[in-house]
A.B. asks: 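After the structure tokens below, expect a handful of questions from me.
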Amino acid sequence: FQWQLSRNGFPTLDEERRVQLEILSSAVKVYLKYPDEFENLISDLLTVATENVSNPDVRDRAFIYWRMLSTDPEKTKTVVFGYRPQAKEN
């Protein structure tokens, strides 16, 4: 799994924005849980997402994750896995 994604780069260059964002978020979560096993994957994924993806939402999210992970991985865990209250309907 890790080798395939790293070798092929960001697997969803042709996918719609929402799918790209979900894959990016999921990859960061997996990396935060298993940093040693997925260091190459997240590095390759963030590189491709910041350099080759034309969608600004995806590119900006990748830059934000990259900055957070390089600055303070523990704080990134708190943000990514933090409590989110359930949205209420009016």
A.B. asks: Let me confirm one number: the NZ-NZ distance from K77 to K29, rounded to the nearest 0.5 Å.
C.D. replies: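 Between K77 NZ and K29 NZ, I get 14.0 Å after rounding to 0.5 Å.
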A.B. asks: Could you report the tightest heavy-atom contact between Y31 and F38, atom names first, then the distance?
C.D. replies: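 Shortest heavy-atom separation between Y31 and F38 comes out as CD1-O, 3.6 Å.
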A.B. asks: Please enumerate all residues that pass side-chain hydrogen bond (donor to acceptor under 3.5 Å, both in side chains) together with Y65, with sequence neighbours excluded.
C.D. replies: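 Partners of Y65 under the side-chain hydrogen bond (donor to acceptor under 3.5 Å, both in side chains) test: S25.
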A.B. asks: What's the spacing between N55 CG and R17 CZ if we round to 0.5 Å?
C.D. replies: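 Result: 6.5 Å between the selected atoms.
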A.B. asks: Which residues pass the side chain to side chain contact (heavy atoms under 4.5 Å, CB included) test with T76, sequence neighbours left out?
C.D. replies: L32, M68, L69, V80
A.B. asks: Can you name the residues that form a side chain to side chain contact (heavy atoms under 4.5 Å, CB included) with D60, not counting sequence neighbours?
C.D. replies: none
A.B. asks: For V53 versus R59, what's the shortest heavy-atom pair and its separation?
C.D. replies: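 Closest pair (atom of V53, atom of R59, distance): O-NH1, 3.2 Å.
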A.B. asks: Go through the structure and list residues passing side chain to side chain contact (heavy atoms under 4.5 Å, CB included) with K33, not counting sequence neighbours.
C.D. replies: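 K33: side chain to side chain contact (heavy atoms under 4.5 Å, CB included) contacts with F81.
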A.B. asks: Could you tell me the separation between the CH2 atom of W66 and the OG1 atom of T71, rounded to the nearest 0.5 Å?
C.D. replies: 12.5 Å
A.B. asks: How long is the span from the CD atom in Q20 to the CG atom in L45, to the nearest 0.5 Å?
C.D. replies: 10.0 Å
A.B. asks: Is any side-chain heavy atom of L46 less than 4.5 Å from a side-chain heavy atom of L24?
C.D. replies: yes
A.B. asks: For F63 and R67, run side-chain contact (heavy atoms from CB on, under 4.5 Å): C-alpha distance rounded to whole Å, both residues' side-chain angles, the deciding distance at 0.1 Å, then the answer.
C.D. replies: CA-CA 6 Å; F63 275 121; R67 180 68 182 245; over 6 Å; no
A.B. asks: Indicate if Y34 and L41 have the same hydrophobic cluster label, given that clusters are the connected sets of ILVMFWY residues with side-chain heavy-atom separations under 4.5 angstrom.
C.D. replies: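 Yes, Y34 connects to L41 through the hydrophobic network.
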